[in-house]
Amino acid sequence: MSFEYLEFGKEEKDFIEKIEEISGQNVYSCYQCGKCSAGCAFSSSMDMTVNQLIHLIQLGQKRRVLEANTHWVCASCLTCTVRCPREIDVAALMEAVREYHLREEPEKIIISEIPKKAYDKLPNIALVSNFRKKTG
Amino acid sequence: MKIGVYVCECGSNIAATVDVEDIVERAKEFPNVEVSRVYKYMCADPGQEIIKKDIEEKGLDRIVIAACSPRMHEPTFRAVLEDKGLNPYVLEIVNIREQVSWVHENKEEGTEKAASLLKGAVLRIALMEPLERKKVGVTHKALVIGGGIAGIQASLDLADMGFKTTLVEKTSSIGGKMAQMDKTFPTLDCSQCILSPKMVDVGRHPNIELLSLSEVVEVDGYVGNFKVKIKKNPRYVLEEKCTLCDDCVPVCPVIVHDEYNQGFAPRKAIYIAYPQAIPASYVIDPDACLGIDPLICSKCKDVCGPEAIDFDMQPEIIEEEYGAIIIATGYETYPIENIGEYGYGTIPDVISGLDFERIISSGGPTGGKILRPSDATVPKTVVFIHCAGSRDPSKHLPYCSKVCCMYSTKHALQYKHVVHDGTAINFYIDIRTAGKDYEEFYQRAAEEDHVIYIRGKVSEVFQDGDKILIKSVDTLTGETVELHADLVVLATGMVPSEGTKEMASLLNVSVGINGFIREAHPKLKPVDTAIGGVFVAGTVTGPKDIPETVSNASGAASRAAGILSQDELEIEGTVAKVEESLCRGCGMCVEACPYSAIELKAVNKYGHTVQVAFVNEALCKGCGSCAAACLNGAINQLGYTDGQILELISALGEQ
Amino acid sequence: MVQYSYFPGCNLKTNAKGFEETAIAVSKKLEAELVEMPKWNCCGTVHTMTSDNMMRRIAPVRVLSRSKKHIDTLEEGTTKEVVTLCSMCNSTLKIVNHEVKQNHEDLEKINYQLEEDEECYEEDMEVKHFLEIIRDNIGYEKLSQSVVKPLEGLKISPYYGCMLLHPDEAAIDDVEMPSVLEYLVESLGAEVIDSPLFKFCCGSYHIVDEEQIVDTQVGKIVEAARLRGANALVVACPLCAFNIDHQQKIMKDKNHGKEPLPVFYFTQLMALALGVPLKTNHFEDHHIDPKPLLKELGLTGKKKS
Ligand SMILES: Cc1cc2nc3c(=O)[nH]c(=O)nc-3n(C[C@H](O)[C@H](O)[C@H](O)COP(=O)(O)OP(=O)(O)OC[C@H]3O[C@@H](n4cnc5c(N)ncnc54)[C@H](O)[C@@H]3O)c2cc1C
Ligand code: SF4
Ligand code: SF4
Ligand code: SF4
Ligand code: SF4
């Protein structure tokens, strides 16, 4: 079991505010019911569930949030968004964490490393949306 | 003698497991049975008509009905008998539903059991004498004990209904805990602002006699006719003369902790609990005052212009009669110093919820500024620990105190309203917001005021420099967490007050394992007690918030009014009766009676003064404990005499 | 005959030619013709969920503005609706349309950027998916009356995927209990096989760099339909179609998996039932050839006698 020392200083508050600004969501609204994680088709591939990630955002735990793979595994299916009882656009929070990351380090994937074959085979909407989600 | 036997099928409820036709036939052979019949629903109008017709035509004088529990329809059938001019007690109801058909699967066995129960009843009823229902008068006056919001509401309701009401309050002012509160959830309206108009109403209501600094010391009697002794302690200030000028306070040399402010502020020996206190008068605290002795100090008396101070006041005993009593002696907060790991009492910046109420109150010791006790600085991080004492059957209280999730949320929100850039963290096990607009209140605290909620119970806290280190867990991430807080507020649980325990034992009402008074029925009689004429209001029966307390109090008032509005009360005829010639005055029955209905009285027997048991029929509930306890067989339970019981047993033994 | 301004989106010209050609063909048969709008651009495929990124909203707004101009040129264009076939386009255009209607400041900023294209969006468009046109404007009755070859024997599991139903602002039907595909399939004479995974995400764009995620999803989606007796799936999104179609094939080749289920666009089913020439389906672009199944059921070419 891991251990965290919680601080509620400027760094934490700035992070929360930035995520709220990008997503347009109020992260404090989340009461941690977990319905988002329960319905997410990708929870099993996430190292932290969606609601846990949101909880860490509430606590301003920037490092832990950015280290998680949760927001990268998210496929923006929006199931969480349509089901959140607190009317939180959960997928927008995932997007905000991606954006936060990409605005600091713009390349989650290196486009030039994608094999030429893929371009021929894959539908363009797959490529365009992937680049839009994973590059800044 | 002519006995009529009626067997009910209760649809298939009884008929499926008892051969009703068979027992009806057998009953015809029992002694004295004139007629024996079966019907689908005896309790229905046509069923009742059958009995009435038989009484009329066949001249029946005893009725036996085999049906459901007498708890259901005894009053129904008694009315049938009375309607036809029979004494209501020559009726016997045999419970062949709850005691037979519902608990047996085998029809043969069920039928046998029903038949023998029925026979016992027929034999017993033959020995039944008509019984009389006695009537007692009613004193149209109510006593309310405890002047918190519960007692205030109950008194006002009764007084408004026109009943003279005495409100007895132990402290110098009514108001209770609500008077100590700053704002109330979920509307955040100021507690004093909604409470003080009611207090003023109590003070000037023509039907209310308010006795402050008073305690009930003795209660005798029974429903409709309680004889009560109230001890009124001296105030040493004449209520009607005191002009609230405050001249006495500056001159008083004695400084003590002010309990109204949870000890965070000083007060003098002469003081007023708070400006809105009712009765609106100063009071001298005799324990603090230099002796209530003008020779040692009489500074206050010297300056008091209206000559309101009187050191010669003595405690008074007031004796009064009442028709009904409402216990509203409230709660206290759990002594959290018992929770060693939370450091209350040793770490100055660990405070209780009630402490926080005073600290945040604009009328409180800091004038509404949130300053922590140790160094009077504004705390930047405040941790609220839920369930402090509650939900902890291993060491503390097993139950949920119901209001603390809400008041911690209220406190966190109030803190954020004052210290905008501060951090308020609630450590909780579950968030319980089961009240109107409560969930919305909690969600607003998080959403609008950014109160943080972490699921996990704090394990311990300790002083670390000028901060408090919190060791907890975040069960949502599965991590142990630590943080430093400037102030820790414990969401203290509720326990019955000392007064509640005292009144419970004085009035003989039973209490549950947690010390709260037990209601007559937790669902259907929530404001009654097992003692007729004694009702309960507010937190005396368990943790409640203000809305629940108030409606509970109004309920108690209306139940009490149900008695006070009668001129006479009827008492059940099935009471215990002492055969004086057999009584040895041993007093075993006195011990056995759970309702204190028996006492020994001196009588003259054959020229000697001897002790004889005497039953107060108004108090007797007809439980039969005394009859069973008496070794001399001197007590009979009317309607259940030894002879009748023996007949019953013999019938059962036959099979 | 009514004419609609039709926004194709990129894939309808590449991987999903069969989707577009069958759609246009049936639209004519149903007298609700899809007329491709000129000068369209990619909508961006995914809608940005950030509140502050206006750049990504320009492309879809430009589409709306140009579609409006297109409608004005349509002889029989009677509506202010732009119609899409691809669910992703549908969702992206709908959300942006919704957003700019709510937020005039944002729209001003976007219109400022559109000045150089001589475009200006005036909030006067509605975005419709062709399924909505079928349900609300054409009607299932007309659809079933137009059927010349009922799709008897086809047991179709409707797969909505995410973007037809998410988010609420873009949903073409009840978000949790949609029925539009079910009614459509029934109207064509095929049997509906309900699957609980009707909107379980296929893995979407992860196909580019996280193929195994898509495989897991597709495996579950297909298995759920198969268990309930489906012999094919119907979709409305070229990315869902590709992922389910192509990855089934890959998985089968890789680990000798179960017999894959063919995947149809809903317009392909309509084309089959309405007697549109088979070649418009472009079944050659499918990775799992639906023809053997259709043949077995006697649904290709001439009826088995
Ligand atoms: C910190 C805190 C905050 C709270 N905040 C809220 C809130 O915001 N909203 C809300 O709805 N509820 C709140 N509550 C709950 C609220 O305090 C109670 O619901 C309410 O005060 C109960 O009133 P009562 O009359 O039953 O008891 P009490 O207020 O305890 O009144 C009992 C009265 O009886 C008197 N008494 C005791 N013994 C005797 C005796 N032997 N003889 C004569 N008199 C006696 C006492 O002096 C007292 O005046 C809060 C509770 C706490 C602890
Ligand atoms: S569904 Fe909404 S409220 Fe529930 S945990 Fe997820 S984000 Fe929070
Ligand atoms: S939008 Fe992302 S986080 Fe939400 S359910 Fe879909 S994949 Fe999971
Ligand atoms: S007598 Fe003296 S000590 Fe007592 S209240 Fe008066 S001033 Fe205070
Ligand atoms: S109301 Fe909340 S804080 Fe109080 S005991 Fe119950 S769960 Fe704990």
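Letters A, B, ... are given to chains in the order of the sequence lines, protein chains preceding strands, and every chain is numbered from 1.
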Pick one of side chain, backbone, both or neither for [X], based on which atoms fall under 4.5 Å of a heavy atom in chain C.
| X | result |
| --- | --- |
| Leu122(A) | both |
| Lys121(A) | both |
| Glu113(A) | neither |
| Cys80(A) | neither |
| Ala96(A) | neither |
| Ser23(A) | backbone |
| Ile125(A) | both |

Review point. Salt-bridged, Lys134(A) to Asp209(C), with N to O below 4.0 Å?
Key: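 Counted as a salt bridge, because a side-chain N and a carboxylate O are separated by less than 4.0 Å.
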
Between [X] and chain A, which part of the residue has a heavy atom less than 4.5 Å away: side chain, backbone, both or neither?
| X | value |
| --- | --- |
| Gln212(C) | neither |
| Thr50(C) | both |
| Val208(C) | both |
| Thr216(C) | neither |

Discussion item. To the closest 0.5 Å, what do you measure between SG (Cys43(C)) and CZ (Arg56(C))?
Written reply: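 Taking SG in Cys43(C) and CZ in Arg56(C), the distance rounds to 12.5 Å.
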
How long is the span from the CG atom in Leu53(A) to the CE atom in Met46(A), to the nearest 0.5 Å?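 Answer for the CG-CE pair, Leu53(A) versus Met46(A), is 8.5 Å.
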
Looking at chain A, which one of [options] has the largest number of heavy-atom pairs inside 4.5 Å, strictly under?
| options | value |
| --- | --- |
| Cys202(C), Pro238(C), Gly44(C), Ser204(C) | Gly44(C) |
| Cys162(C), Cys237(C), Ser51(C) | Ser51(C) |
| Met163(C), Glu210(C), His246(C), Met88(C) | His246(C) |

Q) Can you tell if the side chain of Leu6(A) reaches within under 4.5 Å of the side chain of Gln61(A), non-hydrogen atoms only? A)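 A side-chain contact under 4.5 Å exists here.
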
Any side-chain heavy-atom pair from Phe198(C) and Pro178(C) closer than 4.5 angstrom?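 Counting from C-beta outward, Phe198(C) and Pro178(C) do come under 4.5 Å.
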
Over all atoms of both residues, closest heavy-atom pair of His104(C) and Lys101(C):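 So the minimum-distance heavy-atom pair works out to NE2-O, 3.6 Å.
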
Self-check item: Within 6.0 Å of CD in Glu123(C), more than 12 heavy atoms from elsewhere
Solution: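 Enclosed.
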
- Got a sec: does the NZ of Lys249(C) have more than 12 other heavy atoms crowding it under 6.0 Å?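 It does not: Lys249(C) NZ has 12 such atoms or fewer within range.
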
Q.
Let's go through Arg226(C) and Glu223(C) carefully: what are the C-alpha distance in whole Å and the side-chain angles of both, what is the deciding distance for salt bridge (charged side-chain N to carboxylate O under 4.0 Å, His left out) to 0.1 Å, and is it a yes or a no?
A. CA-CA 5 Å; Arg226(C) 194 204 321 274; Glu223(C) 195 50 28; 3.2 Å; yes

| task | Consider only side-chain N and O atoms of Glu21(C) and His282(C), and report whether a donor and an acceptor are under 3.5 Å apart. | result |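 Yes.
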
ask   = Most heavy-atom pairs under 4.5 angstrom with chain C, which of Leu93(A), Thr79(A), Thr81(A)?
value =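 If we count pairs closer than 4.5 Å to chain C, Thr79(A) comes out on top.
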
